Protein chains: 2
Amino acid sequence: MLDSGGEKALTLRALTVRLSTGYGAIYHHVADKSDLLATAADEVIAGVMSGAVDDADPRTALRALAVGLFDAIDAHPWVGAEFSRRPWRPALLDFYEGVGRLLDAFGVPEKVRFDAAGTLVNYVLGVAAQNAANARLLTGSGTDRKTFLENAAEQWAQVDPGRYPFVHAATTHLGEHDDREQFLVGVDIFLAGISTLR
Amino acid sequence: MLDSGGEKALTLRALTVRLSTGYGAIYHHVADKSDLLATAADEVIAGVMSGAVDDADPRTALRALAVGLFDAIDAHPWVGAEFSRRPWRPALLDFYEGVGRLLDAFGVPEKVRFDAAGTLVNYVLGVAAQNAANARLLTGSGTDRKTFLENAAEQWAQVDPGRYPFVHAATTHLGEHDDREQFLVGVDIFLAGISTLR
DNA sequence: GCCCTCTTTGGATCGCCACTCCAATCACGC
DNA sequence: GCGTGATTGGAGTGGCGATCCAAAGAGGGC
């Protein structure tokens with residue numbers, strides 16, 4: 001229900017219909033709705049983390065770890081919104097742990113490793129949250145992806161080029177823009193910065 | 001109302017009481033509640049951005065810009081939650097523009113400047129969203145900051161050291177941890193990474 | 001001073017939501 | 001076959017955002 005209709009489609013009423021049951025049955029198993037959402041998000045991420053790579057060189061392993069989370073959230077935007085609301089869920093512990101170990105293997109000194117890991121996790125979650133927001137706008141608009149992007153481009157084109165030269169220039173690059181690629185560039189920037197800490 | 005009681009304290013009912021008016025008056029000026037929230041968030045950020053520095057060297061100016069947004073969101077957590085839900089608001093245009101120009105001044109080649117700016121914006125918003133989430137947990141717990149942190153530390157201490165050695169080690173550093181400092185370390189990592197692109 | 005028009009306001013009302021509560025039912029050890 | 005705790009269904013509660021419209025205000029033309 002979350003994947004097909006977004007967060008707003010998952011109401012307890014709709015869930016009782018889908019499961020042909022009542023509220024009592026649901027509330028016997030989960031504390032409240034946010035508990036339900038959090039558990040569902042954990043489930044998705046647990047699936048991703050189980051297929052983690054450990055034996056490659058740290059740099060590519062870190063990239064794989066980050067892009068794994070990105071792809072999972074890209075496929076299930078509601079997970080991104082959920083983790084932006086409630087970080088430090090059990091499932092993210094695995095992610096954080098994986099990043100920490102790989103930074104160790106990468107040669108980051110113990111003193112700054114926690115800050116570096118936190119920075120990387122924050123970046124990944126930040127992109128995830130924004131992707132989730134974009135996806136929500138898309139599914140909420142009622143239109144298909146193509147016309148939605150056209151409308152968005154039209155809006156951006158109206159930005160005053162005199163006041164916002166950089167933003168205006170950015171809009172011209174919107175066509176050749178790929179979220180996943182930009183995310184990877186960001187990961188590489190942080191990895192390059194972390195390398196200077198060695 | 002947002003600053004004192006968080007997002008959940010701002011209901012339209014409570015607002016009509018506070019302003020001693022009715023729904024009609026409010027809905028005549030704003031489209032809906034999210035419009036109200038977004039406008040309020042814009043207001044806060046506009047105040048921060050107006051005091052931006054342009055004439056210092058790009059590195060310190062970028063740090064100042066980033067930390068300005070961080071501090072504003074730290075003081076008003078609901079702004080962080082709002083921007084994580086709806087990025088690309090007018091107020092963030094100023095931030096994005098400022099980052100872009102400073103990256104230009106910093107010597108980042110045009111080709112990667114947009115990706116770099118996007119990365120930094122995502123990072124700042126990611127940290128902001130997480131800070132907002134933490135603040136929400138704090139105000140929602142009903143306890144004061146000290147006992148809340150003690151409870152949190154207790155929870156983290158229960159993490160299995162065998163399965164999560166890195167996370168477990170991180171908890172021991174929780175005492176000397178400062179969100180703002182860690183944020184700045186992250187910005188510096190980003191800047192170091194950006195330097196390699198020059 | 002009066003009327004007309006457009007703007008602004010108040011509040012009753014609607015529909016939907018998460019959540020509570022409890023009687024009824026089920027599963028299973030003895 | 002009985003008893004007890006786990007599980008289920010669904011009516012009911014209170015609060016929410018949002019709508020709607022009659023009433024009140026503001027201001028211009030004559």
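Every value quoted in this text rests on a predicted model; they were computed, and no experiment measured them. Lettering follows sequence order; numbering is per chain, from 1. Values below: every heavy atom of this structure, side chains too, minus hydrogens, waters and symmetry copies.
Judged as a ring-ring contact (aromatic ring centres under 6.0 Å, His included), the pairs with a partner in residues 96-115 of chain A (not counting sequence neighbours) are, in order, Trp88(A)-Tyr96(A), Tyr96(A)-Phe166(B), Phe114(A)-Phe166(B), Phe114(A)-His173(B).
Using a 4.5 Å cut-off on side-chain heavy atoms (C-beta onward), Asp74(A) and Arg180(A) make no contact. Between Pro58(A) and Arg101(A) there is no side-chain heavy-atom pair separated by less than 4.5 Å.
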Sort me out a list of protein N/O and nucleotides 17-20 of chain C N/O pairs below 3.5 Å, or just none if empty.
unit_1	atom_1	unit_2	atom_2	d
dA18(C)	OP1	Lys33(A)	NZ	2.9
dA18(C)	OP2	Leu12(A)	N	3.0
dC19(C)	OP2	Tyr27(A)	OH	3.0
dC19(C)	OP2	Lys33(A)	N	2.8
dC19(C)	O5'	Tyr27(A)	OH	3.4

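If you measure from atom CD1 of Ile26(A) to atom P of dG10(D), you get 12 Å, rounded to the nearest angstrom. In this entry the distance linking CG of Leu15(A) with P of dT8(D) reads 13 Å, nearest Å. Atom C1' of nucleotide dA18(D) and atom CG of Leu36(B) are separated by 13 Å, given to the nearest angstrom. Counting to the nearest Å, the P atom of dG25(D) and the NE2 atom of His28(B) are 16 Å from each other.
Other residues, nucleotides and ligands contribute more than 12 heavy atoms inside 6.0 Å of the CD atom of Glu150(A).
In this structure, Tyr123(B) contributes its side chain and Phe190(B) its backbone to no donor-acceptor pair below 3.5 Å.
One finds a side-chain N or O of His29(B) lying less than 4.0 angstrom from the OP1 or OP2 phosphate oxygen of dT9(C).
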Please list, one pair per line, the donor and acceptor atoms closer than 3.5 Å that link side chains of residues 9-19 of chain B to other protein atoms, with sequence neighbours excluded.
unit_1	atom_1	unit_2	atom_2	d
Thr11(B)	OG1	Ala14(B)	N	3.0
Thr16(B)	OG1	Arg13(B)	O	2.5

